[in-house]
Amino acid sequence: MKENDNQYFMRRAIALAQEGMNAGAGGPFGAVVVKDGEIIAEGHNSVTSQNDPTAHAEIVAIRLACDKLNTFQLAGCIIYTSCEPCPMCLGAIYWARPEKVVYACNRHDAAAVEFDDQFIYNELDVTLEERKIAFSQELRDEALVVFNAWTNKVDKTRY
């Protein structure tokens with residue numbers, strides 16, 4: 001990869017952020033997934049147009065890339081995103097296991113335009129009892145039966 005490739009791919013992510021925002025699809029966020037120096041998937045935030053709180057640019061691009069590559073992991077891929085990933089996208093990125101993430105704006109830039117994820121980071125540091133959304137546990141013993149079946153499943157795909 002040439003030095004200016006990073007800028008090329010990042011400019012595409014930024015353009016997607018602008019396109020999605022202008023189309024009324026959602027917030028000003030765009031992402032591309034690159035493998036072997038080629039864009040294999042791209043996406044922009046579509047939260048409001050799809051009524052889907054998970055339709056962040058990175059999630060959209062990851063889903064499309066995995067579909068195109070027929071895999072659930074993005075080994076050897078680089079994700080370019082117009083902004084530092086939020087906690088949800090960060091989790092998805094770690095599950096997808098790309099080689100690298102390159103971002104433009106950071107979380108403080110996003111907070112300055114009213115996309116502040118700090119409350120989620122804060123929630124991760126408190127006990128379940130202290131969280132803003134109530135959490136309760138039910139039927140753990142019944143659910144553990146399924147977990148135990150997974151442990152004993154011989155034909156499972158590990159990830």
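You'll find the side chain of Ile59 reaches within 4.5 Å of the side chain of Cys89, heavy atoms only. Residues Ile78 and Pro98 are not in side-chain contact: their nearest non-hydrogen atoms beyond the backbone lie 4.5 Å or more apart. The shortest side-chain heavy-atom distance between Pro28 and Phe115 falls under the 4.5 Å cut-off.
For the atom pair Arg107 CZ and Asp117 CG, the distance stands at 8.5 Å (nearest 0.5 Å). With rounding to the nearest 0.5 Å, the separation of CD1 in Ile62 from NE2 in His56 is 12.0 Å. Considering CD of Glu123 and CG of Asp125, their distance stands at 9.5 Å, rounded to 0.5 Å. Atom OG1 of residue Thr71 and atom CZ of residue Arg97 lie 10.5 Å apart, to the nearest 0.5 angstrom. To the nearest 0.5 Å, atoms CG (Leu16) and CG (Asn45) are separated by 11.5 Å. Atoms CD and CD1, on Glu42 and Ile79 in that order, are 13.5 Å from each other to the nearest 0.5 Å.
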Assess the residue pair Leu69 and Cys77 against the criterion (side chain to side chain contact (heavy atoms under 4.5 Å, CB included)); give the C-alpha distance rounded to whole Å, side-chain angles, the decisive distance to 0.1 Å, and a yes or no.
CA-CA 11 Å; Leu69 296 174; Cys77 293; 4.0 Å; yes

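Ion pairing of Glu19 with Arg12 is present here, as a side-chain N (NZ or NE/NH1/NH2) and a carboxylate O approach within less than 4.0 Å.
Other residues, nucleotides and ligands place no more than 12 heavy atoms under 6.0 Å from the OH atom of Tyr94.
Note: the hydrophobic cluster containing Val34 does not contain Val101 (ILVMFWY, side chain heavy atoms under 4.5 Å, direct or indirect links). Note: the hydrophobic cluster containing Trp95 does not contain Ile93 (ILVMFWY, side chain heavy atoms under 4.5 Å, direct or indirect links).
Listed for the Asp67 side chain is no donor-acceptor partner under 3.5 Å among the backbone atoms of Arg63. No donor-acceptor distance shorter than 3.5 angstrom exists from the side chain of Ser46 to the backbone of Ala25, with no hydrogens or angles considered. The backbone N or O of Trp150 lies less than 3.5 Å from a partner atom in the side chain of Lys156, making a donor-acceptor pair. Side-chain N or O atoms of Gln7 include none that pairs as donor or acceptor with a backbone N or O of Asn4 at under 3.5 Å.
The aromatic rings of Phe9 and Tyr80 are tilted relative to each other, their planes meeting at an angle between 30° and 60°.
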